[in-house]
Amino acid sequence: MFPIKTARLSSMPYDNFFEQELSILKTEGRYRVFADLERHAHKAPIASWYSKDGKKPVVVWCSNDYLGMSHHPLVIEAATKAATTYGAGSGGTRNISGTGHLHVELENTVAKLHEKEAGLVFTSGYVANEATLCTLAKGLPNCVAFCDERIHASMIQGISHSRVPKHIFSHNNLEQLRQQLDSYPLNQPKIIAFVSVYSMEGDFAPIEAICDLAKEYNALTYLDEVHAVGIYGKGGAGLANALGQSHRIDIIQANFAKAYGVIGGYITGSKSLVDYVRSFASGFIFTTSLPPMVTSAAISSINVLQQADDLRQKLWSNVNLLKNLLSKTKVNYHHTPSHIVPVVIGNAKICKDFTDTLLHDFGIYVQPINYPTVPRGQERLRLTVTPFHNEEMIKDMTNALALLWEKFFMLKAG
Ligand SMILES: Cc1ncc(COP(=O)(O)O)c(C=O)c1O
């Protein structure tokens with residue numbers, strides 16, 4: 001017989017702890033409520049929202065499926081065919097029994113896209129960043145990392161896990177980056193980690209100038225092109241490609257989850273660098289590889305977007321229409337150079353109320369963006385129009401924003 005343990009008075013009240021922490025988020029208006037949505041393969045940007053009064057149609061304005069590739073007929077066909085031909089799963093980690101010919105094909109496709117010697121596929125863009133940055137920073141002797149303050153959480157995690165010294169430079173501040181680089185000997189390994197299209201700001205990195213600094217100070221360049229591939233550059237090869245800088249970037253990272261409409265991440269670079277990451281990165285080695293339907297859909301999507309200038313043109317004409325209409329209102333939007341249009345609200349509670357009203361009263365779905373995704377006081381909506389929003393939807397959205405801006409800011413202030 002085992003003695004029956006009685007609860008000690010001092011035992012940890014786990015659930016109380018979790019509830020208390022969550023109630024702080026609720027009080028601050030930062031508690032995340034996910035809209036219960038159903039996307040439809042051929043109706044985007046219209047989705048169904050499971051509201052408490054039943055299912056309702058809504059227009060989605062915050063999807064990262066920027067070009068609607070998740071419902072492109074050839075991509076769906078590639079996924080379906082691969083599942084019926086090769087099965088639903090990959091069979092294991094790449095090292096055990098999970099490397100398939102489609103992984104090899106996908107890696108060759110991304111390497112070619114970015115004009116690099118090699119590519120390596122991961123289960124997500126997050127994992128690609130985390131695993132690669134951690135492995136490189138930890139592996140290179142006495143490495144130091146330099147990061148733009150607005151890089152993605154996955155890049156920060158990778159560098160933090162490597163435990164190397166890191167310097168954060170303020171957003172796109174080249175002078176500060178130079179000062180930081182200047183305090184280290186030329187022969188000490190360095191990595192500069194940055195993003196081409198910053199997803200919350202919708203602005204661009206000064207890629208050429210960062211490459212100049214990297215060359216001057218003998219640093220590796222690591223560029224996240226997650227929000228750029230498929231949209232910018234020749235055949236969607238990214239912003240570095242558009243600016244003629246791809247060959248100066250040592251590691252181009254991106255994913256298949258935004259403009260390519262599927263899931264998964266990757267890096268491209270020199271043969272030896274990619275082989276090093278393949279051989280040492282825990283996040284690559286010890287996890288099951290992407291299934292055939294995903295790899296096949298990703299290859300198809302990249303191939304389609306290499307020839308899809310018409311789709312990109314439609315995207316840009318919608319982006320321009322949205323910005324043009326917003327410019328005639330009082331709405332505090334950022335006139336960005338990119339396809340992403342932030343509307344800064346500056347308060348978590350108002351941001352939530354604002355998006356709730358858009359959803360309930362106008363049938364428009366935009367997720368509020370709060371701390372820690374953006375700094376406190378920078379809470380915002382992040383609008384993403386696609387080639388599939390029609391003129392009426394864009395006008396409706398602008399009118400709704402203008403009306404609510406009046407209601408939430410002008411009337412209250414007055
Ligand atoms: C800049 C950036 N990098 C990486 C990621 C992670 O990519 P994934 O969603 O494929 O994990 C994201 C995701 O939102 C991102 O915005």
Side-chain angles (χ1 to χ4, degrees), residues 32 34 60 62-67 69-70 106-107 110 114 119-134 136 145 147-161 168 171-172 191-205 207 210 221-232 236 238-240 249 251-268 277 281 283-284 287-291 294-295 297-298 301-302 336 338-342 366-375 378 380-384:
R32 289 167 199 247
F34 299 142
V60 177
C62 53
S63 175
N64 283 339
D65 186 4
Y66 297 128
L67 295 169
M69 293 305 286
S70 78
L106 183 54
E107 288 172 348
V110 291
H114 295 293
L120 190 67
V121 170
F122 297 78
T123 45
S124 72
Y126 188 105
V127 175
N129 273 337
E130 207 273 344
T132 305
L133 280 167
C134 180
L136 291 177
C147 326
D148 187 287
E149 66 177 337
R150 296 284 156 85
I151 58 173
H152 190 255
S154 53
M155 303 168 84
I156 299 170
Q157 282 294 100
I159 290 164
S160 300
H161 283 170
I168 315 266
H171 185 45
N172 282 346
I191 301 176
I192 305 175
F194 62 120
V195 174
S196 61
V197 178
Y198 284 90
S199 107
M200 293 301 146
E201 290 72 24
D203 61 356
F204 296 158
I207 297 180
I210 291 182
T221 42
Y222 184 102
L223 181 65
D224 177 319
E225 290 253 41
V226 158
H227 295 276
V229 285
I231 300 177
Y232 302 82
L239 189 63
I249 305 286
I251 306 110
I252 294 184
Q253 178 274 358
N255 72 358
F256 310 116
K258 315 279 183 197
Y260 291 126
V262 195
I263 193 169
Y266 65 88
I267 57 163
T268 61
V277 176
F284 173 79
T287 189
T288 300
S289 61
L290 289 174
V294 168
T295 42
S301 188
I302 295 170
T336 61
S338 75
H339 60 289
I340 297 164
V341 183
V366 197
Q367 190 69 12
I369 305 211
N370 294 326
Y371 175 82
T373 311
V374 291
Q378 292 284 309
R380 63 191 60 195
L381 324 183
R382 176 183 172 275
L383 310 183
T384 53

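Whatever order the structure lists ligands and atoms in, that order sets their numbers, starting from 1. Treat the numbers as computed from the prediction; the structure is a model and nothing was measured. One-based numbering along the sequence shown.
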- How far is atom 16 (O) of ligand 1 from its nearest protein heavy atom, and which residue and atom name does that atom have? His227 NE2, 2.6 Å

- Query: Which of the atoms in ligand 1, numbered in the order shown and given with their element, are less than 4.0 Å from a heavy-atom of Gly125?
  - Reply: 6 (C), 7 (O), 8 (P), 10 (O), 11 (O)

- Query: Which of the listed options, Arg150, Glu225, His152, holds the heavy atom that is closest to atom 15 (C) of ligand 1?
  - Reply: His152

- Query: Which of the atoms in ligand 1, numbered in the order shown and given with their element, are less than 4.0 Å from a heavy-atom of Asn129?
  - Reply: 3 (N), 4 (C)

- Message: Tell me the protein heavy atom at minimum distance from atom 1 (C) of ligand 1, and give that distance in Å.
- Response: Asp224 OD2, 3.4 Å

- Query: Just which atoms of ligand 1 are under 4.0 Å from any heavy atom in Val226?
  - Reply: 2 (C), 3 (N), 4 (C), 15 (C)

- Message: Please give me the minimum heavy-atom distance between Ala128 and Tyr222, naming the atom from each residue.
- Response: O-OH, 3.7 Å

- Task: Enumerate the atoms of ligand 1 whose separation from the nearest heavy atom of Asn255 is less than 4.0 angstrom.
- Result: 7 (O), 8 (P), 9 (O), 10 (O)

- Contact partition for Ile263 relative to ligand 1, non-hydrogen atoms under 4.0 Å: neither

- Message: Rounded to the nearest 0.5 Å, what separates atom OG1 in Thr336 from atom CG in Asp203?
- Response: 8.5 Å

Please tabulate, for side-chain N and O atoms in residues 253-262, each donor-acceptor pair with protein atoms closer than 3.5 Å (sequence neighbours left out).
from, atom 1, to, atom 2, distance (Å)
Gln253, NE2, Gly125, O, 3.0
Gln253, NE2, Asn129, OD1, 3.4
Asn255, OD1, Ala257, N, 3.4
Tyr260, OH, Gly236, O, 3.4

- Item | Residues which pass ring-ring contact (aromatic ring centres under 6.0 Å, His included) with Phe204, listed by chain and number, not counting sequence neighbours | Tyr232

- Note on the structure: So for Lys258 against ligand 1, with non-hydrogen atoms under 4.0 Å, the contacting part is side chain

- Please test Arg150 against Val195 for side chain to side chain contact (heavy atoms under 4.5 Å, CB included), starting from the C-alpha separation and ending with a verdict. CA-CA 8 Å; Arg150 296 284 156 85; Val195 174; over 6 Å; no

- Does some side-chain heavy atom of Asn64 sit less than 4.5 Å from a side-chain heavy atom of His227? yes

- Can you sort out which atoms of ligand 1 are near Tyr126, meaning under 4.0 Å from one of its heavy atoms? 6 (C), 7 (O), 8 (P), 11 (O)

- Query: More than 12 foreign heavy atoms under 6.0 Å from CD1 of Ile263: is that the case here?
  - Reply: no

